[in-house]
Amino acid sequence: NAGVTQTPKFQVLKTGQSMTLQCAQDMNHEYMSWYRQDPGMGLRLIHYSVGAGITDQGEVPNGYNVSRSTTEDFPLRLLSAAPSQTSVYFCASSPYPQPYYEQYFGPGTRLTVT
Amino acid sequence: GQQVMQIPQYQHVQEGEDFTTYCNSSTTLSNIQWYKQRPGGHPVFLIQLVKSGEVKKQKRLTFQFGEAKKNSSLHITATQTTDVGTYFCAAPYGSNDMRFGAGTRLTVKP
């Protein structure tokens, strides 16, 4: 099993550009989530999904969209990139909806918006 | 804002010294999880605590959940350079998500 994979590893965007961060898992996990990590602020939840076709907002959803058409994939879309979205983005999955099960994290995408 | 407050933010120790990080909540928690993130890496699950007063050990790591289920701690005995990283606690928020503490970054001097 590859676990949770994320692409790309690094990305530089100009303000106003849009892009999609990809996340996939091969563990047949129902729950998937996106976090951003900024220095001194830990991990903050952006969006999550409890299964295909079901998504919900987390702590910091503004400026991001998600969809979950399959169990395996959970892409994160930046609609119009802003410098405040410079961060490291982690995707995670769990066998069942939180909060009682461990989450498996992908390797992350380091995004810089200029 | 964050559900749990984690202290200290940074801890620098000499190899062989002990290390402790604390997580505090203003509300009673159903459970708490701990993760470790190595520099440049991704968070990795360490353990989950569910019961009041629960104590769990993993080799040199000891995890505790307070009697009131409002606080938790992670204690490392005789730190090694392999312990370097940031340790996060995570607690439930709402029905389907977890909120992470800000983390404690541990550095170890050989």
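Values reported hereafter were calculated over all heavy atoms of this structure, with side chains retained and with hydrogens, waters and symmetry mates removed. Since the structure is predicted, the reported quantities are computational estimates derived from the model, not experimental observations. Chain identifiers are assigned alphabetically (A, B, ...) following the order of the sequence lines, protein sequences preceding nucleic acid strands; residue numbering begins at 1 within each chain.
Hydrophobic clustering of Ile, Leu, Val, Met, Phe, Trp and Tyr side chains at less than 4.5 Å, counting indirect connections, keeps A/F74 apart from A/Y35. In the hydrophobic clustering of this structure, A/I54 does not group with A/M32; members are Ile, Leu, Val, Met, Phe, Trp, Tyr whose side-chain heavy atoms approach within less than 4.5 Å, directly or through other members. Linking ILVMFWY residues whenever their side-chain heavy atoms come closer than 4.5 Å, directly or via other members, leaves B/V4 and A/V60 in distinct clusters. B/F100 is connected to A/V88 through a chain of hydrophobic side-chain contacts under 4.5 Å among Ile, Leu, Val, Met, Phe, Trp and Tyr, so both are in one cluster. Cluster membership for B/Y87 and B/V108, using ILVMFWY side-chain heavy atoms within less than 4.5 angstrom, is shared.
Only the side chain of B/Q37 comes within less than 4.5 Å of a heavy atom in chain A; its backbone stays farther off.
Of all residues in residues 64-72 of chain A, none places a non-hydrogen atom less than 4.5 angstrom from a non-hydrogen atom of chain B. Residues of residues 45-52 of chain A lying under 4.5 angstrom from chain B, judged on non-hydrogen atoms, are A/L45, A/Y48, A/V50 in numerical order.
A/R77 CZ: more than 12 foreign heavy atoms inside a 6.0 Å radius. Applying the 6.0 Å contact sphere to OH of B/Y22 captures no more than 12 heavy atoms from other residues, nucleotides or ligands.
A donor and an acceptor atom, one from each side chain of B/Q33 and A/Q103, are nowhere located under 3.5 Å apart.
Distance check, rounded to the nearest 0.5 Å: NE2 of B/H42 to OH of A/Y104 gives 11.0 Å. Of the inter-residue distances, the one linking A/E102 atom CD with B/M98 atom CE reads 11.5 Å to the nearest 0.5 angstrom. With rounding to the nearest 0.5 angstrom, the OH atom of B/Y35 is 5.5 Å from the CZ atom of A/F105.
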Between A/R44 and B/R99, is the side-chain contact (heavy atoms from CB on, under 4.5 Å) condition met? List the steps.
CA-CA 7 Å; A/R44 291 185 292 168; B/R99 296 293 167 94; over 6 Å; no
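Counting all heavy atoms, side chain and backbone alike, B/G41 lies closest to A/F90 at O-CZ, 3.6 Å.
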